[in-house]
Structures are given as C-alpha cells and as structure tokens.
2 protein chains.
Amino acid sequence: MERLLRRIDDEIVSTGGKRSRSRAHIMGIFFRSGRHLTVEELTRKARVKNRNIGAATVYRTLKLLARMGYAKELDFGEGAKRYESSLTAHHDHLVCTSCGNVAEFEEPRIEKLQEKVARQHGFSPTMHRLAIYGQCRGCAPSGEKEKTG
Amino acid sequence: MERLLRRIDDEIVSTGGKRSRSRAHIMGIFFRSGRHLTVEELTRKARVKNRNIGAATVYRTLKLLARMGYAKELDFGEGAKRYESSLTAHHDHLVCTSCGNVAEFEEPRIEKLQEKVARQHGFSPTMHRLAIYGQCRGCAPSGEKEKTG
DNA sequence: CCCCAAAATGACTATGATATTCATTTTCAT
DNA sequence: ATGAAAATGAATATCATAGTCATTTTGGGG
C-alpha cells in the first residue's frame with residue numbers, strides 16, 4: 001500500500017508533477033477505504049484529518065488517478081459518480097436499490113458472450129458497463145432476515 | 001400508434017390529469033422518432049412545429065412517460081440522459097465511442113447468467129444496465145470501410 | 001538555508017443538465 | 001360561458017463537476 005502510493009507519486013514526478021501533501025492524504029484514504037466512493041464522501045473523509053482540503057483537489061486527484069489508470073469511474077445513475085481502485089481484478093456490480101450497498105461479481109461467461117455478441121454486430125468492443133440492480137439479502141422483502149444497520 | 005397515444009392520454013386522464021396539446025405533440029415525436037433521444041434533441045424536434053414548447057415541458061413529459069412505464073431512461077455516460085420507448089422488447093446497447101451511434105442487441109444467455117449470478121450473491125435482481133462500448137463497423141480503425149457521414 | 005519558478009492548492013465562479021417556481025394559459029366538467 | 005384544477009413556458013434554483021486565479025507548496029540550484 002505504501003509502496004503503491006510511492007509508485008504513483010514517482011510516476012507523477014517522472015511526468016513533470018510534484019508531490020503534494022493533500023493529494024497523498026486523499027490517495028491514502030481512497031485506496032485504504034472501502035470501494036465505490038463518491039467525491040463528496042471522499043472529501044468528507046479527507047477533511048477529518050485536514051480541514052483545509054477543498055473539493056476541487058479531490059476532483060482533480062480522482063481525475064488524475066483515473067487518467068493514470070489507478071482508478072475507475074463508476075456511474076450507477078445516482079447523480080454523482082463513484083470511484084474505485086482499478087487495481088483489483090475486473091468485475092461488475094450488484095447495486096442494492098434499498099440500502100445503496102454495492103457488491104462485486106465476476107462472471108467470465110458473461111464477458112465471453114458480450115465479446116461474441118458485439119462481434120456479431122460488427123462491433124469492436126473496448127469496454128462495458130454492467131450493473132445489476134435489485135435488493136440485497138438484507139433488504140429483500142420476501143426474505144426472512146431483517147436489516148440490522 | 002394513434003392508439004398508443006390515446007391509451008396514454010386516457011391513462012393520464014384516469015389518474016386526474018388533463019390532456020394537453022404540447023404534451024401530445026412531444027409524445028408523438030418521441031414514439032415515432034428514432035430511439036435514444038436526448039431531451040435537447042427532442043426539444044429541438046418538437047419546436048419545429050411549435051416554437052413555443054419549452055424544455056421544461058419536454059423534461060416533464062419524459063419523466064411522466066418513464067413513471068408510467070412507457071419510456072426508459074438510458075445513461076451512456078455522455079452527460080445527458082437518453083430516453084427510448086419501453087414498448088419494444090428488452091434489449092441492451094452497443095455504443096460506438098467514435099460516431100455516437102447506438103445499436104441494440106438481445107442475448108438471453110447473458111440475461112440468464114445475470115439472474116443466476118445475482119441469486120448466487122443473495123441478490124433479488126429487478127433490472128440491469130448493460131452497455132458495451134467500442135467502435136462500430138464503420139468506425140473500427142482496422143476495418144476497410146470509411147465513415148461516409 | 002534561501003530563492004524562485006513550476007506545480008498544486010482552495011475558494012470562488014462558471015457551466016451544463018435537470019428540477020422547481022410562478023404567473024399565465026389551457027382544459028373540461030358544469 | 002365559467003371557474004377550478006392542471007399544464008405550460010420563462011426564469012430561476014440546484015447539484016455535480018470544471019475552470020480561474022491569487023496564494024501556497026514543492027524541490028532543485030545557489
């Protein structure tokens with residue numbers, strides 16, 4: 001993790017950038033914290049330790065990470081984008097429309113079929129977005145369990 | 001088609017609404033026109049026949065149709081949402097990142113796998129969004145054809 | 001350690017899509 | 001025709017995000 005942060009900073013420096021305390025702090029929280037953060041959520045977390053951090057810097061840091069390939073932009077249609085570390089293996093998302101929780105899954109057969117169907121349409125796929133919406137175990141109305149938190 | 005528009009109007013009336021010339025015009029264009037329209041595109045089309053139609057009414061009409069189940073909101077990450085008639089069979093989308101064209105496809109095996117994978121995660125799926133991004137036949141760099149328009 | 005130019009920051013403003021407000025117009029049952 | 005409710009359109013508000021700019025931070029060379 002420290003290694004990762006150092007690597008990113010080195011990469012920035014090697015392309016003419018400079019290190020920055022604020023940015024390091026933001027990146028640390030981003031990579032350490034749970035996935036799928038909103039800019040607003042990340043800003044709030046970052047301000048706990050450093051009251052001065054502005055939202056602009058969080059936007060800039062996240063855009064930078066996305067450009068460098070270390071973060072992915074997610075859009076679940078909530079109005080605001082979410083970001084996740086792109087260092088984990090590729091996966092798609094299960095979004096609970098009740099509690100907002102986001103789970104991840106990976107299904108190679110779906111990936112294969114997507115590739116296939118795209119080619120059948122004369123399409124050269126470069127990327128996809130798949131999100132399944134519904135209710136998680138805790139929120140399903142017919143389920144026997146109750147949400148606890 | 002006339003039948004559809006009348007049915008929708010009747011449904012609106014039966015829930016306490018009133019008929020409206022502007023809305024009828026907007027709906028007519030929406031259902032007749034090609035799919036995947038932006039609010040701005042639909043407003044432009046609607047204003048050709050009636051210069052007074054305001055964007056607010058187009059937003060309201062589309063939201064209404066979506067609420068009633070006759071339209072679907074699409075978000076391909078372009079900044080503005082797109083809308084399509086929800087009367088056609090379920091399908092997913094192929095979005096060309098070069099020319100912006102949107103094609104549709106249906107792959108029951110993908111649907112099945114989504115259902116399955118969701119259940120494996122204790123999830124009750126109600127809906128999904130799948131968009132494959134890439135380049136269409138005409139825009140693929142390695143392809144032999146050139147874009148003509 | 002100091003200097004300074006480039007980069008980064010944060011507050012503020014701009015932007016663009018969408019939602020809301022409100023005065024006016026339209027609809028429609030009476 | 002009449003009036004109340006609904007719909008409209010222009011203007012304004014809102015919200016996420018991007019851009020501006022004066023100030024601060026960074027880091028290499030003296």
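What you see is a predicted model, and the numbers here were worked out from it, not measured in a lab. Numbered from 1 within each chain, the chains take letters A, B, ... in sequence-line order.
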**Student:** Can A:Glu107 and B:Lys112 be counted as an ion pair, charged N to O under 4.0 angstrom?
**Tutor:** no
**Student:** Are A:Glu11 and A:Arg7 ion-paired here, with the side-chain N under 4.0 Å from a carboxylate O?
**Tutor:** no
**Student:** Taking the ring centre of each residue, are A:His91 and A:Phe105 less than 6.0 Å apart?
**Tutor:** no
**Student:** In degrees, rounded to 10°, what is the bend between the two ends of the helix from C:dC1-D:dG30 to C:dT30-D:dA1, using five pairs at each?
**Tutor:** 10°
**Student:** Between atom CD1 in A:Ile53 and atom C1' in D:dT25, what is the gap in whole Å?
**Tutor:** 14 Å
**Student:** Figure out the CD/P separation between B:Glu78 and C:dT18, and round it to whole Å.
**Tutor:** 11 Å
**Student:** Check the distance between C:dT9's C1' and A:Arg47's CZ and give it to me in whole angstrom.
**Tutor:** 13 Å
**Student:** Hey, are B:Asp10 and B:Arg19 close enough for a salt bridge, meaning a charged N less than 4.0 Å from a carboxylate O?
**Tutor:** yes
**Student:** For D:dA18 and A:Tyr59 - does any side-chain N or O of the residue sit under 4.0 Å from the phosphate oxygens OP1/OP2?
**Tutor:** no
**Student:** Roughly, in whole Å, what's the span from CG in A:Asn50 to P in C:dT9?
**Tutor:** 11 Å
**Student:** Looking only at the side chain of B:Thr57 (C-beta and beyond, no hydrogens), which of the listed nucleotides D:dA7, D:dT8, C:dG10 gets closest?
**Tutor:** D:dT8
**Student:** Under a plain distance cut-off of 3.5 Å, with no hydrogens placed, do B:Gln135 and A:Ser124 share a side-chain donor-acceptor pair?
**Tutor:** no
**Student:** If you take the centroid of each ring, where Trp contributes its six-membered ring, are B:His128 and A:Tyr133 closer together than 6.0 Å?
**Tutor:** no
**Student:** In terms of the nearest nucleotide of DNA chain D, which residue is placed more toward the 5' end: A:Lys18 or B:Asn52?
**Tutor:** B:Asn52
**Student:** Do B:Met127 and B:Ile132 sit in one hydrophobic cluster, given that two such residues count as connected whenever their side-chain heavy atoms are within less than 4.5 Å of each other, even indirectly?
**Tutor:** no
**Student:** It should be established whether A:Arg21 places a side-chain nitrogen or oxygen under 4.0 Å from OP1 or OP2 of nucleotide D:dT26.
**Tutor:** yes
**Student:** Within less than 4.0 Å of OP1 or OP2 of D:dA16, is there a side-chain N or O belonging to A:Lys81?
**Tutor:** no
**Student:** Got a salt bridge between B:Arg32 and B:Glu2, using NZ or NE/NH1/NH2 to carboxylate O under 4.0 Å?
**Tutor:** yes
**Student:** As a quick check of understanding, evaluate salt bridge (charged side-chain N to carboxylate O under 4.0 Å, His left out) for A:Glu41 and A:Arg82, giving each step before the final call.
**Tutor:** CA-CA 9 Å; A:Glu41 287 166 357; A:Arg82 288 180 179 276; 3.4 Å; yes
**Student:** Look at the side chain of B:Arg60 and decide which nucleotide, out of C:dT9, D:dG9, D:dA16, has an atom nearest to it.
**Tutor:** D:dG9
**Student:** At under 4.0 Å, does any side-chain N or O of B:Arg23 touch on OP1 or OP2 of D:dA7?
**Tutor:** yes
**Student:** Base, sugar-phosphate, or nothing: which does B:Ala56 touch, judged by heavy atoms less than 4.0 Å apart?
**Tutor:** base
**Student:** Between the protein and nucleotides 28-30 of chain D, list every N/O to N/O distance that falls short of 3.5 Å.
**Tutor:**
none

**Student:** Indicate yes or no: at least one non-hydrogen side-chain atom of B:Leu74 is less than 4.5 angstrom from one of B:Glu84.
**Tutor:** yes
**Student:** So, does B:Ser20 get its side chain near the phosphate of C:dT27, meaning an N or O under 4.0 Å from OP1 or OP2?
**Tutor:** no
**Student:** With nearest nucleotide decided by heavy atoms, which residue, A:Ala55 or B:Thr38, maps closer to the 5′ end of DNA chain C?
**Tutor:** A:Ala55
**Student:** Given C:dT26, is OP1 or OP2 found less than 4.0 Å from the side-chain N or O atoms of B:Arg19?
**Tutor:** no
**Student:** Whole angstroms only, please: what is the CD-P distance between B:Glu73 and C:dA17?
**Tutor:** 15 Å
**Student:** Do any side-chain nitrogens or oxygens of A:Ser22 fall under 4.0 Å of OP1 or OP2 in C:dG10?
**Tutor:** yes
**Student:** Let me know the distance between CG of A:Leu37 and P of D:dT17, rounded to the nearest Å.
**Tutor:** 13 Å
**Student:** Quick one: B:Leu64 CG to D:dT8 C1', roughly how many Å, whole number?
**Tutor:** 14 Å
**Student:** Could you give the CZ-to-P distance, from B:Phe76 to C:dA17, as a whole number of Å?
**Tutor:** 17 Å
